[in-house]
Amino acid sequence: MSDIYDILVIGGGPGGYNCAIRAGQLGLKVACIEGRGALGGTCLNVGCIPSKALLHSSEMYETAGKDFAGLGIKAELELDLPTMMGAKEKTVDALTKGIEFLFKKNKVEYIQGFGKITAPGKVEVDGKVYAAKNIVIATGSEVATLPGIDIDETRIVSSTGALSLSEVPGKLLVIGAGVIGLELGSVWRRLGSEVTVVEYLPHILPGMDGEIQKQATRMFKKQKVKFELGRKVTGVTKTGSGLNVTTEAAAGGKPKDIAADVVLVAIGRRPFTDKLGLDKLGVTTDKRGFVATDHFKTNIEGIWAIGDCTTGPMLAHKAEEEAVAVAELIAGKAGHVNYDVIPGVIYTNPEIACVGQTEEELKEAGIPYKSGKFPFMANSRARANHETDGFVKILAHADTDEILGAHMIGKGVSEMIAEVALAMEFKAASEDIARTCHAHPTCSEAVRQAAMDVEKWAMQM
Ligand code: FAD
Ligand code: NAI
């Protein structure tokens with residue numbers, strides 16, 4: 001066999017490892033280069049998986065303390081944080097090792113070290129040069145920082161530090177009411193922290209449907225999360241064992257200080273391409289540093305890019321879709337990603353899930369639409385489970401009835417959104433969901449009832 005790889009993938013996250021596995025399945029000679037010492041990228045090591053592990057265990061802790069007694073279950077409660085962290089680490093470890101197994105199974109070579117593209121078709125790792133017909137950049141993203149606020153990962157932390165705190169902070173101040181701020185803020189609030197979230201915009205969760213933003217704000221406030229909306233953090237100073245956070249109104253004005261034990265900086269992420277040598281090669285990036293692509297191709301022949309280091313939602317499943325598509329395109333197949341149907345989920349309690357367009361986007365685009373909505377309060381399974389907060393909303397084209405978007409808030413909606421995503425992939429009408437038999441009693445009946453409500457014949461409210 002030739003020493004020249006069909007594909008050298010740089011980065012072993014959801015973009016990189018899925019690209020390598022799909023290429024292996026298609027019979028291509030492929031290697032994946034990863035510099036962090038473990039496969040799985042941000043997602044498995046310091047992102048999706050450890051955060052969901054802590055969201056799960058902290059939710060169980062809170063439920064046991066808050067709801068068990070009312071259900072007739074008596075339990076003595078004590079938090080054992082080291083064991084909780086250990087369980088999270090075991091999950092991470094098993095999953096990252098699982099990718100090594102999948103690499104072997106699909107004949108993917110795993111090269112450990114940081115890769116630098118020295119020329120088209122050439123990647124250097126620790127002094128050794130590898131040759132390939134195609135290079136796929138899948139180097140992901142890193143935490144965005146605030147000028148003058150130095151992250152030490154113990155008291156001033158990014159998401160990475162917030163996933164490994166050794167004790168529950170008395171007061172946690174979160175900068176940014178986006179996905180990370182609300183998920184990790186929820187973890188530490190459930191474990192006992194007083195949580196304040198400072199957000200630059202006048203509302204939380206930018207980009208989400210307006211009704212969801214409002215309902216989510218109400219629900220988080222009910223859980224005693226404090227919001228400082230329309231404010232920015234201008235500085236953080238260490239005061240003995242504590243921190244003093246200076247804030248002011250977004251538009252400027254009188255400063256207001258807030259005391260905290262730990263500050264979590266969660267103001268977004270930026271592409272990570274530092275070690276690749278892109279400048280020298282002349283690979284085009286946009287002004288925010290994202291690698292510019294057209295159907296995953298960069299401006300240099302044979303160099304492709306996918307995942308968080310390119311534009312679009314910074315989501316593991318978006319990276320995975322692009323990974324499959326690029327491997328298939330290189331193998332001469334018709335790889336394709338439908339960017340209109342990429343669900344987004346926030347794993348708080350209640351969960352928040354969306355797919356497609358928001359009402360605000362439809363209004364702005366002048367697309368005529370109908371809306372159907374159904375509250376979990378009227379769903380029998382949600383009532384039986386005592387989990388009645390939230391609703392499902394479905395948006396469909398006013399003339400064709402094609403589903404254009406779905407927005408949900410409530411327990412378990414992370415699983416329910418897949419039904420609507422599948423329907424949208426098939427270009428289904430809301431009536432298709434409304435006339436699909438759903439098992440009873442299930443929370444997903446709320447999806448059906450919301451679809452019925454598009455034509456105003458929901459029968460259970
Ligand atoms: P990454 O996962 O960042 O992987 C890139 C890899 O490339 C890294 O391992 C890096 O070490 C390696 N690398 C970089 N440069 C080089 C080089 N020169 N040579 C070799 N290797 C290199 N998304 C979801 O969809 N759902 C979630 O629930 C979710 N939760 C998240 C929670 C947190 C706290 C965070 C931070 C993110 C979360 N995300 C979630 C986002 C998700 O992690 C990313 O969208 C996803 O990991 C992007 O995949 P990627 O392959 O593009 O990049
Ligand atoms: P984000 O973009 O979701 O939210 C950042 C928030 O910080 C925004 O609301 C923004 O207005 C605010 N902000 C920015 N600068 C500020 C300032 N100076 N002061 C106060 N507020 C400020 O970014 P986040 O939460 O850091 O997440 C990064 C990425 O990780 C997201 O793109 C997300 O897609 C991904 N992620 C996905 C998860 C999921 O799918 N469940 C979970 C966690 C992360």
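Counting starts at 1 for both ligands and their atoms, in listed order.
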Location of contacts on [X] toward ligand 1, heavy atoms closer than 4.0 Å:
{"X": "Ser159", "answer": "side chain"}
{"X": "Leu315", "answer": "both"}
{"X": "Ser141", "answer": "backbone"}
{"X": "Ser51", "answer": "side chain"}
{"X": "Leu276", "answer": "side chain"}
{"X": "Lys318", "answer": "neither"}
{"X": "Arg269", "answer": "side chain"}

Contact between ligand 1 and [X] is defined here as a heavy atom of the residue under 4.0 Å from a ligand atom; is it met?
{"X": "Lys116", "answer": "no"}
{"X": "Gly113", "answer": "yes"}
{"X": "Tyr347", "answer": "yes"}
{"X": "Val46", "answer": "yes"}

(request) Answer with yes or no whether Gly268 contacts ligand 2, where contact means a heavy atom under 4.0 Å from a ligand atom. (result) yes
(message) Suppose I only count heavy atoms of Phe272 and a 4.0 Å limit; which atoms of ligand 1 are within that range?
(response) 14 (C), 15 (N)
(request) Please could you name the atoms of ligand 1 that Met314 approaches to less than 4.0 Å, counting only its heavy atoms? (result) 41 (C), 45 (O)
Counting both backbone and side chain atoms, is some N or O of [X] under 3.5 Å from an N or O of ligand 1?
{"X": "Leu163", "value": "no"}
{"X": "Asp308", "value": "yes"}
{"X": "Glu183", "value": "no"}
{"X": "Gly35", "value": "yes"}
{"X": "Gly15", "value": "yes"}
{"X": "Lys275", "value": "no"}

(request) Classify the ring geometry between Tyr5 and Tyr130 as parallel (under 30°), tilted (30 to 60°) or perpendicular (over 60°). (result) tilted
(message) If you count heavy atoms of other groups shown closer than 6.0 angstrom to NZ of Lys238, is the number above 12?
(response) yes
(message) Going by the closest heavy atom to atom 43 (O) of ligand 1, which one wins out of Cys43, Gly140, Ser158, Gly47?
(response) Cys43
Using a 4.0 Å cutoff against the non-hydrogen atoms of [X], which atoms of ligand 2 qualify?
{"X": "Leu146", "result": "18 (N)"}
{"X": "Gly178", "result": "3 (O), 4 (O), 6 (C), 9 (O), 25 (O)"}
{"X": "Arg269", "result": "28 (C), 29 (C), 30 (O)"}

